[in-house]
J.: 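There's a structure below that I have some questions on.
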Amino acid sequence: MTVAADSATGAASLVQSVDWLAIAPPVIAASVALLVLVADLFVEERRKPLLGYGAVAGLVAALAMLVPLRAGDRSTFCLTGTAQACSYTADHFALVIQALVLGGALLTALLSIADARKLPAGEFWFLLLSSAAGAALLPAARDLATLVVALEVASLPAFALVGIKRGDRRSSEAALKFFLSSVVATAVMLLGVSFVYAATGTMHLTEIAARLDDVPGQLSTLAEAGVVLTLVGFAFKTAAAPFHFWVPDTYVGAPLPIAAYLSVVGKAVGFSGIILVTVIAFPSYADVWGPALAVLAALTMTVGNLAALRQSATRARSAVRLLAWSSVGQAGYLLVPIAAAAYSSDAQIGSTVAYALMYAVVNLGAFAVAALVARTHPGNRLDDYRGLYATRPLAALAMGFFLLCLAGLPPGIIGLFAKVTVFSSAVDAGLGWLAVVMAVNVVIALYYYLQWTAALFRTPEPSPASDEAPAAPVHRVPAPVTLTIALTAVAGITLSGAPQLILRFATLSLF
C-alpha cells in the first residue's frame, strides 16, 4: 500500500499545473475566434455586422483579463523537477506587450467594422482574432518551441488577411510577397533554433542562458551560428533592413486596417521575440548580437527614411507607401535600445517598449485618418490630403498631431520624449556613432512629416487626374472610424500632457 501511494505521489508530481488566469488573455481571443467562425454559419447575411461587434467584445474581454495579472508574478507550464523553468510567464514585460497587441487589434477591429460588408465576415474576424491570440501569447513565451508556435499563429492568419480582398490582383500579390518572405524567415529561424538546441540540449530560455555559458569548444561555432540565424529570422519579422523589401507592397495591397495592424501588432510581435531571445536566452553572446543589432538599427532607419523622402505626392497610394517606409524607419529606432542592452544593462529594454507604445497609438491614428480619406479619395495620394482642414477640420488636426508625434515635434510631446529615451540609451551604452546616425535620420524624417502636415492646411487644388469622388464630399463618417481616430487622439494628447511617464517607464525593470 505504501509503495502504491509513493508511486501515485511520484506520478502526480510529473503533472504540470495550469494557471488559467495567467493564460486567459490569449485563450479568450482564440476562443472568441472559434465562436465567431461557427456563428458565421448560422447568422443571416444582414446580421453579419454583429460578428464584428462580437469580435470587439472578445478583445475587450481579453484586455480586461490583464487587470488581475498586473502584479506580474504568475507563471505556468513549469518543469516539475528541480529546475525553475516555465514555458509561460505573465511578467510585466509580457503584460505590457499583451496590452499593446490586444489594444492594437481592438482598434483594428473598430476600423474594420465600417468596411466589413465588403469582406467575408466570418473568415475576416476569425483570422484577425487568431492572429491577435498568437501575438498575445508570444511575449509570455519562455521556451523556443512556444516562441516559434506563437510567432506562426500570429503570422499565418496575417497572410490571409492581406489577401482577403477577393479578385483584387494587388491584394493577392501583396499576400504572396508577404508569405514568401515570412516562410524564408521562419525557415532560417528554425535552423537557428535547432542549432541552439543541439548546443544546449534545452528549449527553455533561462536554461539556454545558463548552458551557453559552458558550451563545449567543439559546439561553440554551432551555438554562435544558432544565435545569428535566430536573430536573422526575427529581423525578417520586424522588417529590419535589408529584410524589409516586402513592406511597401504588402501595406499597399492589404486592406488599410490590416496594414495598420501589421505596422503596429506585427512589429510588436517581432520585437518581443528579439528581446526575449537576446536578453533572456543569449546574454552570454552579447558581443555577437549587440554589434549586429546596432548595424541593423542604423541601416534600417536610414533606408526607411530615405525611401519615405522619395515618395511622389501624385503617385497612387503614395500616402500608404510613405507610412510603410516610415514604419521601416521607426523600426530602426526601436532596435537601438535593444542593441544598447548588450553594452550596458537590460534596463535599456524599457526604452524600446516605451517607444513602441507611443508609436502604436499615433501610427494607428494616422492609418485611421488614411482610411477616412480613402472613402472619398480611393487613390489615397499625398496630394489628396491637401486642404483636408477645409472639409474635415478635426480629422486634419488629428492627422497633424499624429505626424508631429512621429516626427518628435511639439505639440507631439510624447513623440519627442520617446525619441529622447531611445537617444539616451545609445549614449549611455557608449554607442555615440549610432546616436549620431539617429540624429541625422530624425532630421531627414522631419522633412516629409512636416511637408505632409503643412499640406493638410493648404488651399485645396483640384487635379484633373485625381480619381476622387466628384464634388460633393461624403459627410457621413462611420462611427467606428470616428471612434478610432478619437481614441488614438485622446490617448496621444493625454500622454503628451504627462510625458514624464515615458521617461519613468523607460527606466523600469520589465523582467
J.: With sequence neighbours excluded, give me every side-chain hydrogen bond (donor to acceptor under 3.5 Å, both in side chains) pair touching residues 327-338.
T.: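 Qualifying pairs, neighbours excluded: N305-Y333, Q330-Y355, Q330-Y449.
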J.: Might you work through the side-chain contact (heavy atoms from CB on, under 4.5 Å) test for Q98 and L95, ending with a clear yes or no?
T.: CA-CA 5 Å; Q98 284 178 339; L95 296 179; 3.8 Å; yes
J.: For the CG atom of L156 and the OG atom of S131, what is their distance to the nearest 0.5 Å?
T.: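 Reported value, rounded in 0.5 Å steps: 9.0 Å.
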J.: Side-chain contact, heavy-atom cut-off 4.5 Å: T108 with S112?
T.: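 The answer is yes, as the side chains (C-beta and beyond) meet within the 4.5 Å cut-off.
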J.: Might you point out which heavy atoms bring A121 and L51 nearest each other, and give the distance in Å?
T.: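 Distance-wise, the nearest heavy atoms are CB-CD1, 4.2 Å.
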J.: Using modelled atom types and a 3.5 Å cut-off, is there a donor and acceptor pairing between side-chain atoms of R386 and backbone atoms of T459?
T.: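 Between the backbone of T459 and the side chain of R386 there is a qualifying donor-acceptor contact (under 3.5 Å).
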J.: Keeping the roles fixed (side chain from S171, backbone from A254), state whether a donor-acceptor pair exists under 3.5 Å.
T.: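 Not a single qualifying donor-acceptor pair exists.
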J.: Quick check on side-chain contact (heavy atoms from CB on, under 4.5 Å): which of L276, I274, V269 does F234 satisfy it with?
T.: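 Going through L276, I274, V269 one by one, the side-chain contact (heavy atoms from CB on, under 4.5 Å) with F234 is satisfied by I274 alone.
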J.: Kindly give the heavy-atom pair with the smallest separation between W125 and G52, and that separation in Å.
T.: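 Scanning both residues, the minimum pair turns out to be CE2-CA, 3.3 Å.
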J.: Hey, does I258 have a side-chain heavy atom less than 4.5 Å from the side chain of V162?
T.: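 Touching, per the 4.5 Å side-chain cut-off.
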J.: Any side-chain heavy atom of L495 sitting closer than 4.5 Å to one from M358?
T.: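 They are not in contact (no side-chain heavy atoms under 4.5 Å apart), so the answer is no.
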J.: Strictly distance-based, threshold 3.5 Å: is any side-chain N or O of R381 a donor or acceptor partner for the main-chain N or O of T314?
T.: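 Flag set: sc R381 to bb T314 pair under 3.5 Å.
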J.: Show which side-chain atoms of residues 395-403 pair as donor or acceptor with protein atoms under 3.5 Å away, not counting sequence neighbours.
T.:
none

J.: Could you list all the side-chain hydrogen bond (donor to acceptor under 3.5 Å, both in side chains) pairs where at least one residue sits in residues 241-260, not counting sequence neighbours?
T.: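 Pairs touching residues 241-260 that pass the test: K177-D249, D249-R321.
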J.: Look up atom NE2 in H377 and atom CG in L372, then write down how far apart they are to the nearest 0.5 Å.
T.: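 H377 atom NE2 to L372 atom CG measures 10.5 Å (nearest 0.5 Å).
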J.: Tell me, please, which residues at least two apart from A105 pass side-chain contact (heavy atoms from CB on, under 4.5 Å).
T.: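 Per chain and number, A105 pairs via side-chain contact (heavy atoms from CB on, under 4.5 Å) with L59, A132, Y261.
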J.: If you compare all heavy atoms of I485 against all heavy atoms of A368, which two are closest, and at what distance to 0.1 Å?
T.: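 So the two residues come closest at CG1-CB, 3.6 Å.
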J.: Kindly indicate whether the side chain of P337, heavy atoms from C-beta on, has any atom under 4.5 Å from the side chain of I349.
T.: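 Contact flag for P337/I349 side chains = no.
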J.: How would you list, by chain and number, every residue that makes a side-chain contact (heavy atoms from CB on, under 4.5 Å) with V184, sequence neighbours excluded?
T.: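 V184: side-chain contact (heavy atoms from CB on, under 4.5 Å) contacts with V188, F236.
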J.: Of all residues at least two apart in sequence or in a different chain, which pass the ring-ring contact (aromatic ring centres under 6.0 Å, His included) check with Y389?
T.: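 Partners of Y389 under the ring-ring contact (aromatic ring centres under 6.0 Å, His included) test: F457.
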J.: Applying side-chain contact (heavy atoms from CB on, under 4.5 Å), run through V369 and V481 and close with a yes or a no.
T.: CA-CA 8 Å; V369 177; V481 176; over 6 Å; no
J.: Of all the heavy-atom pairs spanning A33 and F126, show the shortest one and how long it is.
T.: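 Where A33 meets F126 most closely, the heavy atoms are O-CD1, 3.2 Å.
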J.: Less than 4.5 Å apart, side chain to side chain, heavy atoms only: is that true for L409 and L416?
T.: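 The answer is no, as the side chains (C-beta and beyond) never meet within the 4.5 Å cut-off.
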J.: Please name all residues satisfying side-chain hydrogen bond (donor to acceptor under 3.5 Å, both in side chains) with Y447, sequence neighbours left out, ordered by chain then number.
T.: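 Residues passing side-chain hydrogen bond (donor to acceptor under 3.5 Å, both in side chains) with Y447: Q451.
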J.: I need the minimum non-hydrogen distance between A135 and A154, along with the two atoms involved.
T.: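 Closest pair (atom of A135, atom of A154, distance): N-CB, 3.7 Å.
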J.: Okay, side chain of S351, backbone of S425: is any donor-acceptor separation there less than 3.5 Å?
T.: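 Not a single qualifying donor-acceptor pair exists.
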J.: Examine distances only and state if a side-chain atom of K267 and a backbone atom of L262 form a donor-acceptor pair shorter than 3.5 Å.
T.: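 Flag not set: sc K267 to bb L262 has no pair under 3.5 Å.
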J.: Go through the structure and list residues passing side-chain contact (heavy atoms from CB on, under 4.5 Å) with L50, not counting sequence neighbours.
T.: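 So L50 forms a side-chain contact (heavy atoms from CB on, under 4.5 Å) with R47.
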J.: Determine whether L110 and L107 make a side-chain contact, defined as any pair of heavy atoms from C-beta on separated by less than 4.5 Å.
T.: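 Result yes, sub-4.5 Å side-chain heavy-atom pair found.
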J.: I need the Q311 CD to L323 CG distance, nearest 0.5 Å.
T.: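 Here the interatomic distance stands at 10.0 Å.
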J.: Evaluate the side-chain contact (heavy atoms from CB on, under 4.5 Å) criterion for residues V361 and V264: first the C-alpha distance (whole Å), next the side-chain angles of each, then the deciding distance (0.1 Å), finally the verdict.
T.: CA-CA 9 Å; V361 170; V264 172; over 6 Å; no
J.: I'd like to know whether V56 forms a side-chain contact (heavy atoms from CB on, under 4.5 Å) with I113, so could you lay out the CA-CA distance, the side-chain angles of the two residues, the decisive distance to 0.1 Å, and finally the verdict.
T.: CA-CA 9 Å; V56 168; I113 286 176; 3.8 Å; yes
J.: Kindly compute the distance separating OG1 (T238) from CD1 (I338), expressed to the nearest 0.5 Å.
T.: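 Output value for this atom pair is 8.0 Å.
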J.: Would S263 and N363 satisfy side chain to side chain donor-acceptor pair (under 3.5 Å), going step by step from the backbone distance to the final call?
T.: CA-CA 8 Å; S263 72; N363 207 60; 2.9 Å; yes
J.: With sequence neighbours excluded, tell me which residues meet salt bridge (charged side-chain N to carboxylate O under 4.0 Å, His left out) with R70.
T.: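 Result, salt bridge (charged side-chain N to carboxylate O under 4.0 Å, His left out) vs R70: none returned.
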J.: How long is the straight-line distance from CZ of F124 back to CG of D40, given to the nearest 0.5 Å?
T.: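 Interatomic distance, D40 CG to F124 CZ, rounded to 0.5 Å: 13.0 Å.
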J.: With sequence neighbours excluded, give me every side-chain hydrogen bond (donor to acceptor under 3.5 Å, both in side chains) pair touching residues 146-160.
T.: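 Qualifying pairs, neighbours excluded: D143-T146, E152-T186.
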J.: Go through the structure and list residues passing side-chain contact (heavy atoms from CB on, under 4.5 Å) with L127, not counting sequence neighbours.
T.: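 Residues passing side-chain contact (heavy atoms from CB on, under 4.5 Å) with L127: P157, A160, L161, I164.
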J.: Going by an N to O cut-off under 4.0 Å, is there a salt bridge joining R142 and D91?
T.: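 Yes, this pair counts.
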J.: Would you say that V373 contacts R392 through its side chain, given a criterion of any heavy-atom pair below 4.5 Å between the two side chains?
T.: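 The answer is no, as the side chains (C-beta and beyond) never meet within the 4.5 Å cut-off.
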J.: For residues A94 and P139, report the shortest heavy-atom separation together with the two atoms involved.
T.: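 Residues A94 and P139, closest heavy atoms: CB-O, 3.6 Å.
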J.: Quick one: pull up CG in N441 and CE in M301 and give me the separation to the nearest 0.5 Å.
T.: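 Reported to 0.5 Å precision, the distance equals 6.0 Å.
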J.: Just so I know, are the side chains of W325 and L309 near enough to count as touching, which here means a heavy-atom distance under 4.5 Å?
T.: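 W325 vs L309: side chains apart.
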J.: Only pairs under 3.5 Å count here: list side-chain donor-acceptor contacts from residues 22-30, not counting sequence neighbours, and write none if there are none.
T.:
none

